[in-house]
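The structure displayed is predicted, hence computed values, not measured ones. We count ligands from 1, going down the list as the structure has it; atoms in each ligand are counted the same way.
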Amino acid sequence: MGAADLHIFGISGSLRAGSYNMALLRAAAEMLPPGVTLETGRIDDLPLYNDDLRAAGDPEPVARLKRQIEAADAFLIATPECNYSIPGVLKNALDWASRPPKTCCLRQKPIGIMGCSSGESGTMRSQLALRQMFVFTDSYAMLQPELRVPRAGEVFDAAGRLTDEAIRERLGLFLRALADWARLVGQRS
Ligand SMILES: Cc1cc2nc3c(=O)[nH]c(=O)nc-3n(C[C@H](O)[C@H](O)[C@H](O)COP(=O)(O)O)c2cc1C
């Protein structure tokens, strides 16, 4: 890759096979700006956070997740909303990634937050809950533009392809902004 190239690592906060959030990540992979790559990871094989496990050495799925975040210029999270907050599986993954606090892979990491939900607010509340976490981890979550996808069942087709042209356009703008944001703030001290 050239000096201007940028690598994004993304995860979905939903584990289900037909997840709209995973579908949003797939749509993102089709719409990347020039010079930008997107690798999608998994969080379904992480154990439940247990500080005894961590103290004994990160289990391999945790170590893999940390390596993937560490190696990325930007970390992209597609989150559903569960009971007005983020899903437990995503919280679990981020709790693992947040240790040890002072040197964790989330520290000063440029982060993009987007999400699909079946409700009208399109993950507004879960995105805010995520932002709150990133205060403690000293992560650089991009503020604007926001990408919230309400009524997700209406904007993807049966194959999970994002068919809504207005949202595709906003996704493209969001990805360009995330790449610019990562280049602007991504020099870790
Ligand atoms: C336990 C649970 C709680 C939910 N709570 C909310 C909610 O607070 N707000 C909302 O908009 N949708 C809520 N939903 C609906 C999800 O947004 C919807 O199922 C979404 O499609 C899940 O994301 P996915 O398609 O990526 O799996 C909830 C779903 C579940 C299973």
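- In the hydrophobic clustering of ILVMFWY residues, with side-chain heavy atoms under 4.5 Å counting as a link, Phe134 and Tyr49 come out together.
- Residues forming a salt bridge (charged side-chain N to carboxylate O under 4.0 Å, His left out) with Glu120 (at least two apart in sequence, or on another chain): Arg151.
- For residues 79-90, every residue pair satisfying the salt bridge (Lys or Arg N to Asp or Glu O under 4.0 Å) rule, not counting sequence neighbours, is listed here: Glu81-Arg125.
- Counting only distance, with no hydrogens or angles, the side chain of Trp181 and the backbone of Ala74 share no donor-acceptor pair below 3.5 Å.
- Annotation: side chain to side chain contact (heavy atoms under 4.5 Å, CB included) contacts of Arg176 (sequence neighbours excluded): Pro33, Leu173.
- Near ligand 1, heavy-atom contacts under 4.0 Å come from Ser14, Arg16, Ser19, Tyr20, Asn21, Pro80, Glu81, Cys82, Asn83, Tyr84, Ser117, Ser118, Gly119.
- Counting non-hydrogen atoms of neighbouring residues, nucleotides and ligands closer than 6.0 angstrom, the CD atom of Glu39 exceeds 12 such neighbours.
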